[in-house]
There are 2 protein chains.
Amino acid sequence: MSDGLVEALHADIRAMAIDFRLKPGERINEVALSKRLDASRTPLREALNRLVAEGFLTFESGKGFFCRKYSVTEVQDLYQLRQAIERFAAERAVELAADAELAELAAFLDRTGDPAGRSLEDLLAFDEHFHETIASFSQNAEIGRTLANVNARIRFFRWIDLGSRRQRTQGEHRAILDAIRARDKGKAVALVDGHIARRRDEIAEAVKECHARLFVEDDFVHPAFKTMDQACA
Amino acid sequence: MSDGLVEALHADIRAMAIDFRLKPGERINEVALSKRLDASRTPLREALNRLVAEGFLTFESGKGFFCRKYSVTEVQDLYQLRQAIERFAAERAVELAADAELAELAAFLDRTGDPAGRSLEDLLAFDEHFHETIASFSQNAEIGRTLANVNARIRFFRWIDLGSRRQRTQGEHRAILDAIRARDKGKAVALVDGHIARRRDEIAEAVKECHARLFVEDDFVHPAFKTMDQACA
DNA sequence: GTATTCAGACCTGTATACAGAATAAGCCGT
DNA sequence: ACGGCTTATTCTGTATACAGGTCTGAATAC
């Protein structure tokens, strides 16, 4: 019996939902997708059901599965949830992170800080790694799990957003880390807040741009998002 | 074609996981459960997969589905995640909640405040309703969805915990609401923090008591948790 | 030209069958 | 009596079949 087929399908389809190879609102044809992924509909549907529970897809009884459509409000909701979680994580990091761990993260920023010559995909991987490392300092698996889920769901919008923030990002990360190293809880939280919060019009712009790329641009190549280890190379 | 069978199964099994009719760590026999719920294994497994993604169950390839086992740390993690979310929601409620909405919530507290003669299940429903109403003031669906999930997963422990907090709860709720009505953000957040935070030994006590009820007490009757409308009656 | 209806194709929802792994039971040797 | 091995049983993982919705599109009426 093949080991972990549902998990593999889940990972594949999740990636497709994240980079919108499955277009927002698009219906998923189970037979076609199962052929493409070389499995039958039974494990495929199990994976799809997981993705519904995780918020990547929607399901309508009798109609089937659809890639989730994101309104400006929904993207904003996710940014805010991220803000709520990271605020808490920053506070906990101030209390719990070891000096050595923080020094290592500082070295990481030194290593990856210069945005020159980096692809957006690399920069995004570095960015998420920074934030998820801080989240890991909270020593709370649920915080990490939830943050990873939220980050994945807004990854495409952040990828667009990052274009106009390349310069600011590094400095802000450095400032956040310095505040944590100085064990200054209030400052750390305030900096995280300022770093993550987006005005509604900024989000609206990203969503508009997203739609333009996906539905107007006719030869759009989907970004190849990377995990940290893939980006290091 | 019956409409929404997977959703129905999901709701049923979710309820079983919440009140631990499925014991922590227990393996789920798919054939037996599918007979009991009068469906075949296919939709049953789809529902189980959703519950895995939501954190109620675990899955081991080749072994099957298991009800999730909660360590003290894991319960604490969930309490903290709840704290992170409710802090944020309280801030937003201060900014966004209409006076009329807040007055209505105050009336609710008046109506349900006296713990005398109420079952623990009713009090817990009232309690969650209060918190989820405040979360709804944040006008953020993801906040609401995530909070509902976290609350469900720690419901059993809160049910145990509530026994020793009957008296404090009402007053603390009242104070939180007053702070929001006074549009005092700092005070509201501080009060929410104090209301939700638990010391590790308090959580350890609840987990211990939970195990005692489930595995030692031989004729334990599982609580019949209620939604708000069921509790009103 | 536009709206409507009906037929056909397509697709989903669920049950069931079957292969193979995991677990339990039985047996034997010590 | 107890531990290890072998066998039998149980249960999971996946494919497939089929019943009934749902959607598409052509033909018809206006």
> Taking it one step at a time, do B:Thr227 and B:Gln230 satisfy side chain to side chain donor-acceptor pair (under 3.5 Å)?
Replying inline: CA-CA 5 Å; B:Thr227 60; B:Gln230 293 167 327; 3.2 Å; yes
d([atom1], [X]; [atom2], [N]) in whole Å:
| X | N | atom1 | atom2 | value |
| --- | --- | --- | --- | --- |
| B:Asn49 | D:dT12 | CG | P | 13 Å |
| B:Arg27 | C:dA21 | CZ | P | 16 Å |
| B:Leu44 | C:dG13 | CG | C1' | 15 Å |
| A:Glu30 | C:dG13 | CD | P | 6 Å |
| A:Arg50 | D:dG13 | CZ | P | 10 Å |
| A:Lys35 | C:dC11 | NZ | C1' | 12 Å |
| B:Phe65 | D:dC11 | CZ | P | 16 Å |
| B:Phe59 | D:dC11 | CZ | P | 17 Å |

>> Can you tell me which residue among A:Arg50, A:His10, A:Arg45 is in a side-chain hydrogen bond (donor to acceptor under 3.5 Å, both in side chains) with B:Asn49?
In response: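 For B:Asn49, the side-chain hydrogen bond (donor to acceptor under 3.5 Å, both in side chains) check succeeds only for A:Arg50.
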> Parallel, tilted or perpendicular: which fits the ring planes of B:Phe130 and B:His173, with parallel below 30° and perpendicular above 60°?
Replying inline: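 Because their plane-to-plane angle is under 30°, the rings of B:Phe130 and B:His173 count as parallel.
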> Where do A:Phe157 and A:Tyr70 land on the ring pair (Phe, Tyr, Trp, His ring centres under 6.0 Å) test, with the steps shown first?
Replying inline: CA-CA 10 Å; A:Phe157 302 102; A:Tyr70 291 92; 5.8 Å; yes
> Contact class for B:Leu48 (heavy atom, under 4.0 Å): base, sugar-phosphate, or nothing?
Replying inline: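 If one applies the 4.0 Å heavy-atom cut-off, B:Leu48 turns out to touch nothing in the nucleic acid.
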> Base, sugar-phosphate, or nothing for A:Leu9, non-hydrogen atoms under 4.0 angstrom?
Replying inline: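 Here A:Leu9 touches no strand at all.
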Starting the side chain at C-beta, find the nucleotide from [options] nearest to [X].
| X | options | answer |
| --- | --- | --- |
| A:Arg41 | D:dT14, C:dT14, D:dC11 | C:dT14 |
| A:Ser40 | C:dG13, D:dT16, C:dT23 | D:dT16 |
| A:Glu46 | C:dT14, D:dT14, D:dG13 | D:dT14 |
| A:Thr42 | D:dT12, C:dA15, C:dT12 | C:dA15 |

> When you match A:Lys63 and A:Asp38 each to their closest nucleotide on DNA chain D, which lands nearer the 5' end?
Replying inline: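 Upstream on the strand: A:Asp38.
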> Salt-bridged, B:Asp19 to B:Arg155, with N to O below 4.0 Å?
Replying inline: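 Between B:Arg155 and B:Asp19 there is no salt bridge, as every charged N stays at least 4.0 Å from the carboxylate O atoms.
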> Can you find a side chain N or O atom of A:Arg45 that sits less than 4.0 Å from OP1 or OP2 on C:dG13?
Replying inline: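 Indeed, a polar side-chain atom of A:Arg45 lies that close.
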> Is any side-chain nitrogen or oxygen of B:Asn29 closer than 4.0 Å to OP1 or OP2 of D:dT10?
Replying inline: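 B:Asn29 to D:dT10 OP1/OP2: no side-chain N or O under 4.0 Å.
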